[in-house]
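So the structure is just underneath, and the comments pick up after that.
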Amino acid sequence: MDLAAISTEYVKVTIVAKAGGATINPAVPPAFAFLATGISPDTGDWLTGEWLAPHARILIGPNGGTTTLEPADYKVWIRFAGGSETPIHRTGTLTVY
């Protein structure tokens with residue numbers, strides 16, 4: 001996905017799988033991390049998103065977004081609750097220009 005640094009838009013990730021043998025728990029919001037490097041997210045990197053089935057989404061940008069990202073290429077990570085597991089996946093790349 002490409003996003004202008006001056007734009008405020010939702011970044012969405014489609015989640016349709018089951019985790020841990022149980023359906024994903026929509027009562028627990030998903031968490032996103034945007035990292036400019038290939039390292040795994042640390043505790044302070046996670047930002048709270050929301051569910052809009054079948055998507056996890058988070059508002060990014062300067063006009064009311066959860067965070068504003070500087071121009072760069074970011075790895076997008078997502079974490080969500082499902083059954084007894086908490087899957088964490090790198091979902092793609094976000095280019096902020």
Side-chain angles (χ1 to χ4, degrees):
M1 176 177 184
D2 293 343
L3 179 69
I6 59 173
S7 181
T8 301
E9 300 181 41
Y10 282 101
V11 173
K12 295 186 269 184
V13 176
T14 302
I15 307 291
V16 294
K18 290 187 175 188
T23 303
I24 295 165
N25 184 353
V28 179
F32 289 81
F34 300 92
L35 300 175
T37 64
I39 62 170
S40 297
D42 200 4
T43 304
D45 295 324
W46 293 105
L47 303 167
T48 303
E50 63 185 16
W51 292 109
L52 183 63
H55 304 288
R57 69 180 191 169
I58 189 168
L59 191 62
I60 300 297
N63 297 317
T66 302
T67 191
T68 300
L69 300 173
E70 295 297 320
D73 290 327
Y74 296 90
K75 302 293 185 201
V76 180
W77 293 78
I78 188 163
R79 177 180 72 191
F80 55 92
S84 60
E85 296 182 338
T86 304
I88 298 173
H89 298 281
R90 191 174 68 198
T91 65
T93 301
L94 172 66
T95 299
V96 178
Y97 58 92

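Side chains included, hydrogens not; waters and symmetry mates left out as well; all remaining heavy atoms used. Here, residue 1 is the first one in the sequence, and each next residue gets the next number. For clarity, every value in this text was computed on a predicted model and none was experimentally measured.
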Q) Taking all non-hydrogen atoms of both residues, which atom of Pro29 and which atom of Gly49 are closest, and how far apart? A) CB-O, 3.4 Å
Q: State, yes or no, whether a side-chain contact exists between Ile15 and Ile78 at a heavy-atom distance under 4.5 Å.
A: yes
Q. Would Leu69 and Leu94 count as a side chain to side chain contact (heavy atoms under 4.5 Å, CB included) if you check the C-alpha gap in whole Å, the side-chain angles of each, and the deciding distance to 0.1 Å?
A. CA-CA 10 Å; Leu69 300 173; Leu94 172 66; 3.7 Å; yes
Q) Can you list the residues that meet the side chain to side chain donor-acceptor pair (under 3.5 Å) rule with Thr14, with sequence neighbours excluded? A) His55
Q. Linking I/L/V/M/F/W/Y whenever their side-chain heavy atoms sit closer than 4.5 Å, directly or via other members, would Met1 and Tyr97 fall into one cluster?
A. no
Q | Flag side-chain contact, heavy atom, 4.5 Å: Thr48 against Thr66 | A | no
Q: Flag yes if Ile88 and Leu35 sit in one hydrophobic cluster, no otherwise; membership is Ile, Leu, Val, Met, Phe, Trp, Tyr, and two members link when side-chain heavy atoms are under 4.5 Å apart.
A: yes
(Q) Suppose we screen for side chain to side chain donor-acceptor pair (under 3.5 Å). Which residues come up paired with Thr95, at least two apart in sequence or across chains? (A) Asp73
Q) Does Leu47 reach the side chain of Phe34, with side-chain heavy atoms less than 4.5 Å apart? A) yes
**Q.** Atom CD1 of Ile6: over 12 foreign heavy atoms under 6.0 Å
**A.** no
Q. What about Leu52 and Leu59, same hydrophobic cluster or not, with Ile/Leu/Val/Met/Phe/Trp/Tyr joined at side-chain heavy-atom distances under 4.5 Å?
A. no
Q. Is there a path of hydrophobic side-chain contacts, each under 4.5 Å between heavy atoms of I, L, V, M, F, W or Y residues, that connects Trp51 with Val28?
A. no
Q: Please step through side chain to side chain contact (heavy atoms under 4.5 Å, CB included) for the pair Phe32 and Ile60, ending with a clear verdict.
A: CA-CA 11 Å; Phe32 289 81; Ile60 300 297; over 6 Å; no
Q: Would you sort out whether Arg90 and Val76 count as a side chain to side chain contact (heavy atoms under 4.5 Å, CB included), showing the intermediate values?
A: CA-CA 6 Å; Arg90 191 174 68 198; Val76 180; over 6 Å; no
(Q) When you compare the side chain of Asp45 with that of Trp77, does any pair of heavy atoms fall below 4.5 Å? (A) no
